[in-house]
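We use all heavy atoms of the structure for the numbers below, so side chains are in, but hydrogens, waters and symmetry mates are not.
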Amino acid sequence: MKIAPFLRAALLVSAVAVLPVATSGLAAVDTRAAHEFDKLFTIYQIVKENYVDQVDDDKLLKGAIDGMLASLDPHSNYLDGPSLQRLETMIDGKYTGLGLSVIEDEGAVKIISPFKGSPAEKAGLKAGDYITHLDGVLYYERDLDEAVSKMRGAAGTSIRLTIFRQGRDAPFDVTVTRGVIELEPVTSELKDNVGVISVNEFSRDVGNDVNTALSDLKKQAALKGGKLAGLVLDLRSNPGGSLDEAVALSDLFLEKGDIVSQRGRNAAENQFYRAESMFKGDAAKGLPVVVLVDAGSASASEIVAGALQDQHRAVIMGERTFGKGSVQTFLPLDNDSAVKLTTARYFTPSGHSVQEGGIVPDIKVPQLSDPDARARAERAVRESDLRGHLINEASLKDKDLETDKMDDPRFKVTAAELEKQGIKDFQLNYAITTLQRTAGKPALAAAAKPAAAPAKR
């Protein structure tokens with residue numbers, strides 16, 4: 001089965017801003033385009049008069065709008081009805097279903113990530129899996145909203161998914177029982193003397209939620225007669241979300257300097273987001289921080305990782321991120337429809353654009369505890385693989401994005417051997433043991449250094 005990389009509708013792989021549309025601000029139509037508008041109307045008339053079946057006007061007009069936005073880049077699209085409701089649910093909601101974030105990938109349904117603690121995660125579904133059939137019915141080159149609707153349903157009911165997974169010889173079936181999905185953007189736990197905070201998406205109040213989780217972890221450590229040796233901020237398989245929350249989370253750990261800059265077509269619209277704008281001081285001052293990332297860490301996740309890396313506040317560990325360095329503006333048209341439009345690129349404090357190239361970890365750590373991880377990593381879809389993606393202004397070539405692929409001798413252990421040792425998540429285990437081993441040493445616990453001055457463009 002060949003599934004080429006192309007995203008059509010990714011609701012959370014975005015740094016999203018919200019902006020009202022004013023008709024007075026709409027750009028005037030270039031008079032040279034008048035002929036093309038005439039051609040569009042002529043085609044509309046031809047279809048209406050000659051197509052084999054009668055066609056509804058709404059279908060034709062929506063198709064024209066979808067085509068216009070799809071010609072721009074993979075992240076600009078028109079939202080109405082179910083697609084708009086799904087975006088609102090992801091930001092605010094609670095629903096019954098499987099707990100999956102999915103996209104359409106060349107006509108197939110692809111899992112971005114299962115939500116932690118969801119029925120999908122408990123059933124063993126993984127980021128990068130393709131869902132080929134729902135209850136035995138092929139879902140290929142069909143509307144994504146139709147597939148999502150099919151997976152939703154009453155809690156306690158079941159659905160059979162046929163899964164294609166890279167590294168497996170053949171598709172296999174998984175039966176998942178639907179449940180009530182309460183989106184938990186932030187979860188935390190204390191592992192020995194290291195705090196682990198997982199940020200699963202950048203929805204409302206993520207910065208405050210992480211601040212609260214950090215305070216709770218410090219109290220838990222104190223009750224055990226000690227203190228935190230370090231903090232792991234887990235951003236793996238986090239497809240993004242609110243730009244403001246990415247800034248807030250970064251600001252939580254920074255005392256000065258830039259967090260991210262946003263640069264669009266008009267210089268007047270360029271913005272710089274700086275530390276101390278949302279939180280005062282470093283909430284984890286004196287604590288070494290490791291940020292875990294992987295190929296599923298996109299957009300808002302990359303803003304945080306890039307800011308803490310450039311400001312020398314954290315060690316980035318894991319695998320190269322997705323590479324989505326663009327900002328989408330949410331433009332409501334009316335109560336029932338909106339446009340999500342790419343309006344700017346963003347840059348890390350040192351002036352680096354993550355578009356295509358992503359964030360390269362300081363310490364590359366593969367996920368050895370997953371027996372299929374190597375095969376999936378080799379075929380991982382990133383921004384640079386998407387049809388029509390924005391080009392990095394530095395004109396990076398794909399071959400320049402790949403680094404030495406020689407296996408590190410420390411990473412020869414197999415998934416079966418790790419299972420015998422009781423290690424279910426090698427990357428997390430590696431981050432925790434690194435913090436424990438280096439606790440109090442200046443290599444990881446040094447105060448943040450100022451980032452290099454942003455490159456002039």
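For E121 against P114, the heavy-atom pair with the smallest separation is N-CB, 3.9 Å. Counting all heavy atoms, side chain and backbone alike, A305 lies closest to V293 at CB-CG1, 4.1 Å. Across all their heavy atoms, V304 and A246 have their closest contact at CG2-O, 3.5 Å. The two residues F322 and E302 come nearest to each other via the heavy atoms N-OE2, 3.4 Å. Annotation for S242 and A300: closest pair O-CB, 4.2 Å, computed over non-hydrogen atoms.
Among residues at least two apart or in separate chains, salt bridge (charged side-chain N to carboxylate O under 4.0 Å, His left out) pairs with a member in residues 187-196 are E189-K191. Residue pairs meeting the salt bridge (charged side-chain N to carboxylate O under 4.0 Å, His left out) criterion with at least one member in residues 426-436: none, sequence neighbours excluded.
L98 contributes atom CG, which lies 9.0 Å from atom CD1 of I111 (distance to the nearest 0.5 angstrom). In this structure, CG in N238 is found 7.0 Å from CG in N200, a value given to the nearest 0.5 Å. Separation of atoms CG (L249) and CG (D244) is listed at 12.5 Å; rounding is to 0.5 Å. How far CD1 of I363 is from CG of L292: 10.5 Å, rounded to the nearest 0.5 Å. One distance of note links CD1 of I359 with OG of S301; it measures 10.5 Å at 0.5 Å rounding.
Every residue meeting the salt bridge (Lys or Arg N to Asp or Glu O under 4.0 Å) condition with D234, not counting sequence neighbours, appears here in chain and number order: K116, R236. For A155, the side chain to side chain contact (heavy atoms under 4.5 Å, CB included) criterion is met by T96, V180, not counting sequence neighbours. A search for salt bridge (Lys or Arg N to Asp or Glu O under 4.0 Å) contacts involving K227 returns nothing, not counting sequence neighbours.
With hydrogens and angles left out, the side-chain atoms of D334 and S337 include a donor and acceptor closer than 3.5 Å. Using modelled atom types, one finds a donor on one side chain and an acceptor on the other under 3.5 Å when comparing D425 with Q367.
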Name every donor-acceptor pair, under 3.5 Å, that has one atom in a side chain of residues 214-222 and the other anywhere in the protein, sequence neighbours excluded.
unit_1: S215; atom_1: OG; unit_2: N211; atom_2: O; d: 3.2
unit_1: K218; atom_1: NZ; unit_2: A283; atom_2: O; d: 2.7

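Salt bridge absent: E255 and R313 never bring a charged side-chain N and a carboxylate O closer than 4.0 Å.
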